[in-house]
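The sequence lines fix the lettering, A, B, ..., with proteins before strands; numbering per chain opens at 1. A quick note: this is a predicted structure, and the numbers were derived from the prediction, not measured.
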There are 2 protein chains.
Amino acid sequence: MPRVTDDHRRARRDEIARAALRCLERTGIHQTSISDIVEESGLSTGAIYSNFPNKREIMRYIVSDYLFPRLDEIGWPGGVRQPREVLELMLQGFTEDGLPPRIIIQFWAEASLDAELHDDMARTVARLRDTLMRRLLPWARTRATSDTAATALAREHAVALNAIAQGYIAHTAVFGPRDPLEYIESIAAVVA
Amino acid sequence: MPRVTDDHRRARRDEIARAALRCLERTGIHQTSISDIVEESGLSTGAIYSNFPNKREIMRYIVSDYLFPRLDEIGWPGGVRQPREVLELMLQGFTEDGLPPRIIIQFWAEASLDAELHDDMARTVARLRDTLMRRLLPWARTRATSDTAATALAREHAVALNAIAQGYIAHTAVFGPRDPLEYIESIAAVVA
DNA sequence: ACCTGAACACCGTTCAAGT
DNA sequence: ACCTGAACACCGTTCAAGT
């Protein structure tokens, strides 16, 4: 019995979150009002508030489940791949499949002010890092003598990949789209 | 005669902007209300609104004049400096003298939604880039055959330095303070 | 000319009433 | 149990009245 109710509840929450996301893509977090979400979803104010306690919890739900939806579904090639190549695939994956950078940077701004939203973001980013780690592991094994060392190396590089991706997203959010390969090349030239 | 009035006006606007900035550091752009700024500045609502047409224009004023206040006042060493070293000094300068990354990322989020604020931001970043360019020029001259080529090279690298600094600020805004040198080293290891 | 602060319109949230 | 939508409190902005 709880099964049916839970499924229904989740479906409703997804319906609301997706409507909210369509509003966010148009106007951002703070310019999106509850009544915009009411209109976009076709539900009533009360329907929103009987599924989420407040607007902030809708945003937390989005950060946890919708912010970087498909990174583990990128068509990753198998085999040994250099970190640089994994980075290139990741940035191309964001460009093609992710939410607009404009939205992501707004959630970062929120996360820097709200401890719980920050923790949701940290968990989401940790999932991303683990996906990257798995892709880096074959390469890391060619560089390390033990399995433990390989895991540590892959993890370190996955963290750095996340950091560069964050820089790329922030950059394109503010200054517009940019070719990922050219971006990577330009920062490589500077830190070399 | 207009001189005195203009100076007075500018002083008042600075007074308001600084009070607003103190509020922003505590609670962010959207959680800072006009009445917070009224309280923090000791002025009245009407005094705010007779110096700025609305809250957004206070934010534009901050982006133009207060966001990266001291980058050209960093104690830059003279002589030929590698891009990597200029990058290190820049990130250290941000860490020591700039506004908290938490605030800067909020203005980026705003700039990605508001065309005029975006243009203010672009001008501010262009000033930063020109400062960096001047610091890179001695190095660029050792690498280029003409003055024109040196200028172009310095400019290219200055743009990349800005991009990396933006990544660093976004990263520290969300994930907390991090040693600039270690950050640079970790991304260098990946794009190498 | 600049400032005061009460009044207005709008948004997030609540809650009595419905199914 | 979930939903409706009018009502409430608060925030950005305006404006008649003051200096």
To the nearest Å, give me how far apart [atom1] ([X]) and [atom2] ([N]) are.
{"X": "A/Q31", "N": "C/dG12", "atom1": "CD", "atom2": "C1'", "result": "15 Å"}
{"X": "A/F52", "N": "C/dG12", "atom1": "CZ", "atom2": "P", "result": "15 Å"}
{"X": "A/E57", "N": "C/dG12", "atom1": "CD", "atom2": "C1'", "result": "14 Å"}
{"X": "A/I48", "N": "C/dC11", "atom1": "CD1", "atom2": "P", "result": "15 Å"}
{"X": "B/L43", "N": "C/dC3", "atom1": "CG", "atom2": "C1'", "result": "10 Å"}
{"X": "A/K55", "N": "D/dC10", "atom1": "NZ", "atom2": "P", "result": "18 Å"}
{"X": "B/R56", "N": "D/dT13", "atom1": "CZ", "atom2": "C1'", "result": "15 Å"}

- prompt: Is the closest basic N to carboxylate O distance between B/E40 and B/R18 below 4.0 Å?
  reply: no
The side chain of [X] lies closest to which of these nucleotides: [options]?
{"X": "A/T45", "options": "C/dC3, D/dG12, C/dT14", "value": "C/dT14"}
{"X": "B/Y49", "options": "C/dG12, D/dT14, D/dC3", "value": "D/dT14"}
{"X": "B/I34", "options": "D/dT14, D/dG12, C/dG12", "value": "D/dG12"}

Axial cation check for B/F52 ring with B/R13, 6.0 Å and 45° limits: yes
query: So does A/S50 get a side-chain nitrogen or oxygen closer than 4.0 Å to the phosphate oxygens (OP1/OP2) of D/dC3?
result: yes
message: Can you see if the side chain of B/N54 gets near the phosphate of D/dT14 - specifically, an N or O under 4.0 Å from OP1 or OP2?
response: no
Quiz question: by atom type and distance under 3.5 Å, do the side chains of [X] and [Y] form a donor-acceptor pair?
{"X": "B/D14", "Y": "B/Y66", "result": "yes"}
{"X": "B/N54", "Y": "B/Y49", "result": "no"}
{"X": "B/H30", "Y": "B/E110", "result": "yes"}
{"X": "B/R22", "Y": "B/T32", "result": "no"}

field: Side-chain donor or acceptor of A/S50 paired with backbone N/O of A/A47 under 3.5 Å
entry: yes
Exceeds 12 heavy-atom contacts within 6.0 angstrom, atom CZ of B/R10: no
field: Sole residue of B/Y183, B/Y168, B/F68 in ring-ring contact (aromatic ring centres under 6.0 Å, His included) with B/F94
entry: B/F68
statement: Encoded 5' to 3' (Watson-Crick or G-U under 3.5 Å; [ ] crossing; | other strand), DNA chain D becomes ||.|||||...|||||.||
statement: Expected list for residues 10-30 of chain B near DNA chain C, using heavy atoms below 4.0 Å, is B/R12
